[in-house]
Amino acid sequence: MKIATWNINGVKARIETALTWLKESSPDVVCLQEIKSVDKNFPREAFEDAGYHVETHGQKGFNGVAILSRMPLEDVTRRLPGNPHDEQARYIEATVSTDSGAVRIACLYLPNGNPLASEKFDYKLAWMQRLENRVQELIADEMPLVVAGDFNVIPMPQDAKRPDAWTNDALFQPESRTAFRRLITLGMTDAIRATTPEPETYTFWDYQAGAWQKNDGIRIDHMLLSPEAADRLEAAGIDKQTRGWEKPSDHVPVWIELAV
DNA sequence: ATGCCTTGTCGCACAAGA
């Protein structure tokens, strides 16, 4: 099963690009972030015509996540537990079943958290604590688990072309990195880190200042696998070429192949 | 330096992103 994650930065602006990529990359399941659309305006038919079931959790203007799947999506849940007052659409979970087993898939758009020392940074850290709690619960279920999305965390200095440029950014704060590391400590495997020894492996390049041309990127889109999922990991990759296409998202797709 | 781009918004500039 090929599972991918992609922050598309606006589904309506990216629909043609997304359909081209789906045809080229042929994933079975796709986690989308920053759809920037309410559910009723999501271009569901375009993806259904491409052969995918669609589940969305959108909001107006910002944020918003969705899961596409060639197989039916079961037990869909929206919202990250732990704060009933949180109105931001950043999390959706579903189960995908095949003849050889089922996989639980969590699709997330973790808060950016800038600027530092603001409510936004506190919200990011609180959100990461809620995520840790949820992942702990899901791991205990022992169904293969994939937690995929835009984590807005640069885990290590080697995950940025210019780590010094991110010193005062929420994406690279010790608190953000520690919270990410706690997910690893729970038993989750960073799929790209586990399979890709090459340096300068990034998933985001800013639109500004020629970041793409200079390969001035960061790795912030991740796929974390529970032990049961990691045991089935066959391959992982980054569809970097999409950043060079017409009208690109500033993020590129990350994918894994699981033996299920 | 703070903007450099890009998207969405009941646009005629602004917020938010990272």
Looking across every strand, which nucleic acid part, if any, lies under 4.0 Å from [X] by heavy atom: base, sugar-phosphate, or nothing?
X: A/Asn152; value: sugar-phosphate
X: A/Asn112; value: base
X: A/Asp150; value: sugar-phosphate
X: A/Tyr109; value: sugar-phosphate
X: A/Asp221; value: nothing
X: A/Lys124; value: nothing

Quick one: which of [options] gets closest to the side chain of [X]?
X: A/Arg14; options: B/dA18, B/dT6, B/dC4; result: B/dT6
X: A/Lys60; options: B/dA18, B/dT9, B/dG17; result: B/dT9
X: A/Ala13; options: B/dA18, B/dG8, B/dA16; result: B/dG8
X: A/Ala209; options: B/dT7, B/dA18, B/dC4; result: B/dC4
X: A/Arg90; options: B/dG8, B/dA18, B/dG17; result: B/dG17
X: A/Lys36; options: B/dA18, B/dC4, B/dG8; result: B/dG8

Answer yes if the side chains of [X] and [Y] hold a donor-acceptor pair under 3.5 Å, and no otherwise.
X: A/Gln158; Y: A/Glu200; answer: no
X: A/Asn41; Y: A/Lys12; answer: no
X: A/Ser26; Y: A/Arg70; answer: yes
X: A/Asp150; Y: A/Gln33; answer: no
X: A/Ser25; Y: A/Asp239; answer: yes

Looking only at atom [atom1], what distance separates [N] and [M], rounded to whole Å?
N: B/dT9; M: B/dC4; atom1: C1'; value: 23 Å
N: B/dC5; M: B/dC10; atom1: P; value: 26 Å
N: B/dT7; M: B/dG11; atom1: C1'; value: 13 Å
N: B/dC12; M: B/dT2; atom1: P; value: 26 Å
N: B/dC14; M: B/dA1; atom1: P; value: 24 Å

Check the distance between [N]'s [atom2] and [X]'s [atom1] and give it to me in whole angstrom.
X: A/Lys12; N: B/dT9; atom1: NZ; atom2: C1'; result: 11 Å
X: A/Asp169; N: B/dA16; atom1: CG; atom2: C1'; result: 14 Å
X: A/Arg162; N: B/dA18; atom1: CZ; atom2: C1'; result: 12 Å
X: A/Phe204; N: B/dC5; atom1: CZ; atom2: P; result: 14 Å
X: A/Phe62; N: B/dT6; atom1: CZ; atom2: C1'; result: 12 Å
X: A/Lys120; N: B/dA18; atom1: NZ; atom2: C1'; result: 11 Å
X: A/Ile8; N: B/dT7; atom1: CD1; atom2: P; result: 11 Å
X: A/Phe42; N: B/dG8; atom1: CZ; atom2: P; result: 13 Å

By nearest-heavy-atom nucleotide on DNA chain B, the more 5' of A/Gly210 and A/Ile35 is A/Gly210
Nearest-nucleotide check on DNA chain B, A/Asn63 vs A/Ser37; residue mapping nearer the 5' end is A/Ser37
When the ring planes of A/Phe151 and A/Phe180 are compared, do they come out parallel, tilted or perpendicular, using 30° and 60° as the limits?
-> perpendicular
Can a side chain N or O of [X] be found less than 4.0 Å away from OP1 or OP2 on [N]?
X: A/Asn7; N: B/dA18; value: yes
X: A/Tyr202; N: B/dA18; value: no
X: A/His251; N: B/dA18; value: yes

Residue set satisfying salt bridge (Lys or Arg N to Asp or Glu O under 4.0 Å) with A/Arg130, at least two apart, ordered chain then number -> A/Asp86
